[in-house]
Each structure stands twice: as structure tokens, then as C-alpha cells.
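Step one of this worksheet: look at the structure below.
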Amino acid sequence: MLRPDRGRVMLAGLDVTADATASRVRKGLALTHQIVRPFREMSVLENVVLAAGYRRTSSPLRAALHIDRRRESERAAEILTRVGLAGAEAKLAGALPLGQMKRLEVARALAGDPHLILLDEPLAGLNQTEAAQQVETIASVNAQGITVVLVEHNLEEVMRSCRRLIVLNNGRVIGDGAPRSVMDDPVVHEAYVGSGAEAHAEH
């Protein structure tokens, strides 16, 4: 979302630092936001169909000429099944409970055929059951060979699902490694529990 002051952003060996957002998406990057942003007056299926057809709607002319959306609809239905939303295709996105909206965000991200998905607080606002379901969805995405990076404060679920944990405190890395060894580090424990300082966990 922001142009870096220094350094480079590499994605699958490609430098995408100066690329526009649409170009990054076409090269395999996807992002979901903490505050869900579906098209609320469209159906669940339509939300994913729109994402699945992004290559065909890259210009107004291509979009106008692309009338038959059966391929995108079939793909969208398959993705919704993968994230546990089979049967909800016809519902308005805005009518879904938050837990299902979060899964819809993942489905829309998957529709872009990403190599890498960035998840911003994917468990925020979810109860224990919803959080566990969302973690299962994220784990299944990762098991399909897609790299997942998540920013999350729900340590219990992070510890259960992540292979690598990076802890930030005031923008500084204070822990990086296997989740259990990182959380056993006294510096990390002090930042998270002792002083109450805010930190972020990333996978």
C-alpha cells in the first residue's frame, strides 16, 4: 500500500517495488484487510467471480467484451467450497456473520491465483470457534503451496498454526524463529506479558 523509502520488495524472484497494485496482483500477491471489505450488496458468489475475472477486466474494453462468466463462476464456487462457504453462494455478502466474511476475504484473495497472501489480523473480532475455523482455512491454503504471511495478536492460534514467528515491539524485531522458542525468550515474554507493550506476530 505504501512505497518503501529504501530496500526492495521481491516476489518470486521479481522486483515489484515500483509496481502498481494491479501489477503486483497479476504477479501473484494478494492481501486481506483487518476490516473486511466485500461488495456488500453483491452475492457471496459474485464477490469471488469478480476477483476470479480480474485478468479479463484489466481494461474497460476487455471487461465490456467479456460477457460469458461461466468459467469464473465455476472457479468461484470451487474456491468457496475450499474455504467452507459452500451453500452460501447466493447470500448477500453484507448479510454474512463476521466469521464467514473473513473466510470470504480469503476466498477473494485465492481467486487471484496468488503465490503469496498477506493476511492482516484475520482472527480479529472472531470468537474461539470462528477463530479455529479461520485458522483451519488458512492452514489448508498454506498446504496447497501458497505462502501465507499473517499479522495477528491471537497467540494461541498463532502458536498452533505457524511454523515461523516474528515478534515486533515498537517496530523492532525482538524474536524470530520457531514459535515455542520465540515465546520462551525472556525479552519477548517481557514485551508481551511483562510490560504490556504492544507487539505483532507474523507468520
Side-chain angles (χ1 to χ4, degrees), residues 1-2 21-22 24-26 28-58 63 69-162 165 198-203:
M1 304 301 290
L2 301 174
T21 298
R24 289 173 177 160
V25 170
R26 286 193 293 271
L29 182 64
L31 168 69
T32 71
H33 297 274
Q34 177 179 353
I35 306 300
V36 291
R37 300 177 178 181
F39 294 100
R40 293 176 177 271
E41 298 306 316
M42 295 172 65
S43 73
V44 169
L45 182 67
E46 288 168 340
N47 266 268
V48 185
V49 166
L50 185 62
Y54 75 101
R55 292 184 188 278
R56 300 177 185 271
T57 57
S58 56
R69 296 177 175 83
R70 281 176 295 183
R71 183 181 302 174
E72 287 87 350
S73 294
E74 291 170 0
R75 174 159 170 71
E78 182 264 327
I79 291 171
L80 287 170
T81 298
R82 283 164 58 188
V83 301
L85 288 177
E89 293 89 348
K91 293 181 180 178
L92 284 181
L96 294 178
L98 181 60
Q100 291 187 359
M101 268 196 202
K102 293 267 190 176
R103 278 185 270 163
L104 176 58
E105 287 289 280
V106 174
R108 295 200 306 165
L110 286 174
D113 296 316
H115 304 303
L116 169 64
I117 296 182
L118 308 176
L119 303 178
D120 183 16
E121 301 280 9
L123 309 183
L126 303 184
N127 62 37
Q128 187 174 357
T129 300
E130 292 171 331
Q133 291 171 339
Q134 180 74 327
V135 164
E136 289 176 5
T137 298
I138 294 168
S140 71
V141 168
N142 185 234
Q144 293 158 19
I146 299 171
T147 300
V148 178
V149 176
L150 62 92
V151 176
E152 183 54 59
H153 288 85
N154 185 329
L155 276 180
E156 180 180 351
E157 294 297 346
V158 166
M159 296 290 288
R160 188 167 71 87
S161 62
C162 293
L165 180 67
E198 184 177 353
H200 282 76
E202 296 188 5
H203 169 203

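Position 1 is the first residue of the sequence, and the numbers go up from there.
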Legend entry - Residues Arg75, Asp113: salt bridge by 4.0 Å N-O rule: yes

Legend entry - Pairs where residues 98-108 contributes a residue and the test salt bridge (Lys or Arg N to Asp or Glu O under 4.0 Å) is met, not counting sequence neighbours: Glu105-Arg108

Legend entry - For Ala86 against Thr81, the heavy-atom pair lying closest together: CB-OG1, 3.8 Å

Legend entry - Gap between atom CG of Leu123 and atom OG of Ser161 - 0.5 Å precision: 7.5 Å

Inset, instruction - State the CD-CG distance between Gln100 and Leu126, to the nearest 0.5 angstrom. - result: 11.0 Å

Legend entry - Validation row: Leu118, Thr32 side chains within 4.5 angstrom (heavy atoms): no

Inset, instruction - Indicate the atoms forming the closest heavy-atom contact of Leu98 with Gly125, along with that distance. - result: CD2-O, 3.6 Å

Legend entry - Heavy atoms of other groups near Glu41 CD, more than 12 under 6.0 Å: no

Inset, instruction - Work out which heavy atom in Asn154 is nearest to a heavy atom in Ala131; give both atom names and the distance. - result: ND2-CB, 4.1 Å

Legend entry - Min side-chain heavy-atom separation Gln34-Val151 under 4.5 Å: no

Inset, instruction - Provide the closest heavy-atom pair for Asn47 versus Ala93 in the form atom of the first, atom of the second, distance. - result: ND2-CB, 3.5 Å

Inset, instruction - Enter the distance from Glu130:CD to Met101:CE here, rounded to the nearest 0.5 Å. - result: 11.5 Å

Inset, instruction - Go through Val106 and Leu110 one step at a time and tell me if the side-chain contact (heavy atoms from CB on, under 4.5 Å) criterion holds. - result: CA-CA 6 Å; Val106 174; Leu110 286 174; 4.2 Å; yes

Legend entry - Worked check of side-chain contact (heavy atoms from CB on, under 4.5 Å) between Leu96 and Leu104: CA-CA 9 Å; Leu96 294 178; Leu104 176 58; 4.1 Å; yes

Legend entry - Shortest non-hydrogen contact from Ile117 toward Ala109: CD1-CB, 4.3 Å

Inset, instruction - Only pairs at least two apart or in different chains count here, so list each salt bridge (Lys or Arg N to Asp or Glu O under 4.0 Å) that has a residue in residues 81-96. - result: Glu78-Arg82

Legend entry - Member of Leu150, Leu31, Val141 meeting the side chain to side chain contact (heavy atoms under 4.5 Å, CB included) criterion with Leu119: Leu150

Legend entry - From CD (Gln133) to CD1 (Ile138), nearest 0.5 Å: 12.0 Å

Legend entry - Interatomic distance, Asn142 atom CG to Thr147 atom OG1 [nearest 0.5 angstrom]: 7.0 Å

Legend entry - From OG1 (Thr129) to CD (Gln134), nearest 0.5 Å: 13.5 Å

Inset, instruction - Check step by step if salt bridge (charged side-chain N to carboxylate O under 4.0 Å, His left out) holds for Arg160 and Glu157. - result: CA-CA 5 Å; Arg160 188 167 71 87; Glu157 294 297 346; 2.8 Å; yes

Inset, instruction - Say whether, by atom type as modelled, one donor and one acceptor occur between the side chain of Glu74 and the main chain of Arg71 under 3.5 angstrom. - result: no

